[in-house]
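Below is one structure, written out as structure tokens; the observations come after it.
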Amino acid sequence: MHELLLFGQVPEVRCLQVMNVLAGITAMQPQRVIERHLIYKPTVGLQERGPKVGGTQEIAPEKRRTQQAAQNTELNFVQLVQGLEETDFGPPTDGTAKETKPWRMEFADLPEAGRKAIASRLTSTTDIKGGDPDSYMKGLGYSYVDEYILDGHRFINKNTILLLHRIIRLPSPTDSSKLLDRELPALDTLKPVDPSGAHLLHASIRLSDGSKTELLLQGTTELQAMQKMLKGVVDLVVPDRLSLDTRAR
Amino acid sequence: MSTTNAIPPAIRHLDTLRQRLQQLSQNLNAARYELTTTPLDDLPPLATLTTTVSLLYTQLLALMNTLRSEEVKEQLGYMHPHPLPGYPVQQHAIILQELLRRKMGVEGEGWVEEGRRAGEGVGMLEDGHQGADGEVDVDADDAGKTRALSVEQLRELWQWAAPAQNEVARQVIFGEDEDEEEEGEDEEDETGEDEEDETGEDEGGDEVMEDVGSAAAKKANIVPATPARPMMKLDDVLRFVSTGREPPVTV
């Protein structure tokens with residue numbers, strides 16, 4: 001899957017106003033979105049890569065090449081994402097154990113170079129149906145780095161997804177064995193990463209196939225139309241490509 | 001020096017005159033263009049107008065000085081246009097006629113006459129005084145009898161002009177600041193009202209929007225953990241989101 005995206009920043013004072021504007025534009029009530037993101041860093045393959053050997057004319061054997069390709073795809077940060085509700089935070093209220101929400105694995109590539117008007121990147125999402133996602137990730141050669149809570153509201157206008165959210169820091173887990181099932185502190189007690197409390201507006205369009213030119217063109221046009229419509233409300237900009245760099249070094 | 005010596009003085013004087021007239025006509029054209037392009041019920045900004053007028057004034061003065069100097073006067077008196085045999089008379093007859101004309105055009109005569117009459121009355125700068133308006137004013141006080149405008153009239157004029165000009169200048173120089181202050185006061189008033197009577201009144205849509213803003217601002221004020229701070233750089237936030245890299249600590 002391909003994602004076309006733009007980012008904007010909204011100071012906390014204006015968040016409510018911007019939310020009203022977005023609700024007006026999209027003609028829908030804001031949908032509350034709370035997600036828990038676990039960032040995993042690849043460990044296998046990093047040491048094996050070594051310095052690049054340049055200038056060789058040698059044709060690499062087919063097997064080695066596929067290995068390299070497999071390695072290269074694995075050298076990005078990957079996230080485990082869990083959709084949550086407000087009731088999932090804080091200690092259990094009525095004694096009943098909280099239902100574990102399903103996890104999914106999300107991957108986003110480095111945005112493509114040379115696109116000026118909007119950013120576009122390759123993404124992929126895999127739903128995890130069962131088992132222990134953390135051990136699965138460990139088995140794939142990834143290790144846990146950090147996690148955060150994405151707290152915000154989602155709007156949909158035609159093909160455009162508008163996600164007004166802020167990033168909240170989660171304290172490091174005390175018990176690494178119960179990483180995924182640990183009790184989350186109450187949402188109010190958590191502090192946002194940006195101390196000013198500003199929200200991000202993530203405007204995106206998902207394409208089923210990024211290699212189809214007409215699809216890419218249509219998506220770009222629609223996203224730019226949204227950018228133009230929101231001009232004066234939120235400045236949607238192309239983020240610095242390297243700030244969305246998910247490659248591990 | 002050698003080059004200026006080589007050129008006959010008559011040519012030199014003509015060239016100076018030509019330059020002065022050219023500059024003047026260029027600037028007059030520019031001023032006229034400026035006036036015609038601005039909307040009908042509006043004038044160009046005062047600063048532009050002042051610059052244009054002072055520029056034109058300087059150039060007119062320079063032209064007048066050139067024409068006044070004895071040498072040039074003498075030289076110009078001697079000058080006669082005489083077309084060379086090679087001049088294409090048939091093609092450029094009109095230009096030739098204009099060149100050979102010794103008398104001024106009817107319009108020009110009218111202007112000169114008008115100017116002369118006005119000049120006789122006011123007698124501005126007649127005695128070699130070429131100074132600012134203030135000096136003229138002083139002169140008017142000294143020898144008001146010979147002026148078209150009596151001392152009384154001049155005083156009246158200045159009494160009207162000084163406050164009027166002052167008002168305009170204040171708008172130009174301090175206008176924005178005053179507006180901003182007023183806006184700030186308005187906002188304060190509004191928030192003050194909101195705090196006083198929380199019931200609120202039915203107001204226009206804009207007001208509702210502002211209420212939202214002020215409500216959020218109030219919320220921000222109430223929560224001590226999030227004081228008003230500059231926003232973190234977008235890149236830093238995104239970097240944390242992508243790879244968990246700690247954003248730089250902002251104080």
Q.
Ignoring hydrogens and geometry beyond distance, is a side-chain donor-acceptor pair present between A:Asn76 and A:Tyr142 at under 3.5 Å?
A. no
Q. Distance only, no hydrogens: is a donor on one side chain within 3.5 Å (strictly under) of an acceptor on the other, for A:Glu112 and A:His2?
A. yes
(Q) Is it true that B:Arg239 and A:Ser243 share a donor-acceptor pair across their side chains at a distance under 3.5 Å? (A) no
Q) Checking heavy atoms, do the side chain of A:Leu200, its backbone, both or neither come under 4.5 Å from chain B? A) side chain
Q: Please look at B:Val237 and chain A and tell me whether the side chain, the backbone, both or neither of the residue comes under 4.5 angstrom of a heavy atom of that chain.
A: side chain
Q. Quick one: of A:Arg169, A:Glu147, A:His37, who has the most non-hydrogen atom pairs under 4.5 Å with chain B?
A. A:Arg169
**Q.** Electrostatic pair A:Asp245-A:Arg241, nearest N-O below 4.0 angstrom
**A.** no
Q. Given that the side chain runs from C-beta out, which part of A:Val10 has a heavy atom under 4.5 Å from chain B: side chain, backbone, both or neither?
A. backbone
